[in-house]
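The shown structure was predicted, so the numbers you read here are calculated from the model rather than taken from an experiment.
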Amino acid sequence: MDDQTRIELEAAAFRRLQKHLMEDRTDAQNIDMMNLAGFCRNCLSRWYQEAANERGIEMTKDEGREAFYGMPFAEWKAKYQTDASPAAKDAFKDSHG
């Protein structure tokens, strides 16, 4: 497989993951993703921002989040984010504290 095809496949997989998290699994909360997988939508948006910055494209944290979420982060939170359970908060503290 040539490099361009590999890059295109990786980009397609990323777009599918993004669509899955933004459209199909809005019920999956970021804290639960962090507790289970060690990353969440915010991590993905930060990695997107960092990749842009590494290529000389100025992008703030908020711009990275909006690019990944497809809307301002505050709007996403209002539509989809629920309060984390005490158990989820404890698990996060244990694994990331």
Quiz item: Where is the tightest heavy-atom contact between Gln4 and Asp2, given as atom of each residue plus distance?
Solution: N-OD1, 3.0 Å
Quiz item: side chain to side chain donor-acceptor pair (under 3.5 Å) between Ser45 and Asn42: does it pass, once the steps are laid out?
Solution: CA-CA 5 Å; Ser45 70; Asn42 291 333; 4.5 Å; no
Quiz item: Any Lys/Arg nitrogen of Arg16 or Asp24 sitting under 4.0 Å from an Asp/Glu carboxylate oxygen of the other?
Solution: yes
Self-check item: Euclidean distance, Thr26 OG1 relative to Tyr80 OH, rounded to 0.5 Å
Solution: 5.5 Å
Practice problem: Quick one: pull up CG in Asp62 and OH in Tyr69 and give me the separation to the nearest 0.5 Å. | Solution: 11.5 Å
Quiz item: In terms of heavy-atom contacts, does CG of Asp83 have more than 12 from other residues, nucleotides or ligands at under 6.0 Å?
Solution: no
Self-check item: Cluster overlap Leu9 with Tyr48, hydrophobic side-chain contacts below 4.5 Å
Solution: no
Quiz item: Within a radius of less than 6.0 Å around CD of Glu10, do more than 12 heavy atoms belonging to other residues, nucleotides or ligands occur?
Solution: yes
Quiz item: Are Leu36 and Phe39 joined in one hydrophobic group, where the rule is that I, L, V, M, F, W and Y side chains link up if heavy atoms are under 4.5 Å apart?
Solution: no
Practice problem: Please answer: with hydrophobic residues joined when any side-chain heavy atoms are less than 4.5 Å apart, are Ile31 and Trp76 in the same cluster? | Solution: no
Quiz item: Rounded to the nearest 0.5 Å, how far does CH2 of Trp47 lie from CZ of Phe68?
Solution: 9.5 Å
Exercise. Treat each ILVMFWY residue as a node, draw an edge where side-chain heavy atoms are under 4.5 Å apart, and state whether Met59 and Phe14 are in one component.
Key: yes
Exercise. Give the C-alpha distance, both sets of side-chain angles, the deciding distance and a yes or no for side-chain contact (heavy atoms from CB on, under 4.5 Å) between Lys79 and Glu75.
Key: CA-CA 6 Å; Lys79 284 184 172 183; Glu75 185 178 335; 3.5 Å; yes
Quiz item: At what distance, to the nearest 0.5 angstrom, does OG1 of Thr60 lie from CD of Glu66?
Solution: 9.0 Å
Quiz item: Measuring from Arg41:CZ to Arg25:CZ, what's the distance to the nearest 0.5 Å?
Solution: 9.0 Å
Practice problem: Assess whether atom CZ of Arg6 is packed by more than 12 heavy atoms of other residues, nucleotides or ligands within 6.0 Å. | Solution: yes
Quiz item: To the nearest 0.5 Å, what is the distance between CG (Asn35) and CG (Asp94)?
Solution: 9.0 Å
Exercise. Evaluate side-chain contact (heavy atoms from CB on, under 4.5 Å) for Lys61 paired with Gln49, printing each intermediate quantity in order.
Key: CA-CA 7 Å; Lys61 178 179 174 179; Gln49 174 206 2; 4.1 Å; yes
Quiz item: Hey, are the side chains of Leu17 and Leu44 touching, using non-hydrogen atoms and a 4.5 Å cut-off?
Solution: yes
Self-check item: Derivation of the side-chain contact (heavy atoms from CB on, under 4.5 Å) call for Cys43 and Met34
Solution: CA-CA 9 Å; Cys43 297; Met34 284 296 293; 3.7 Å; yes
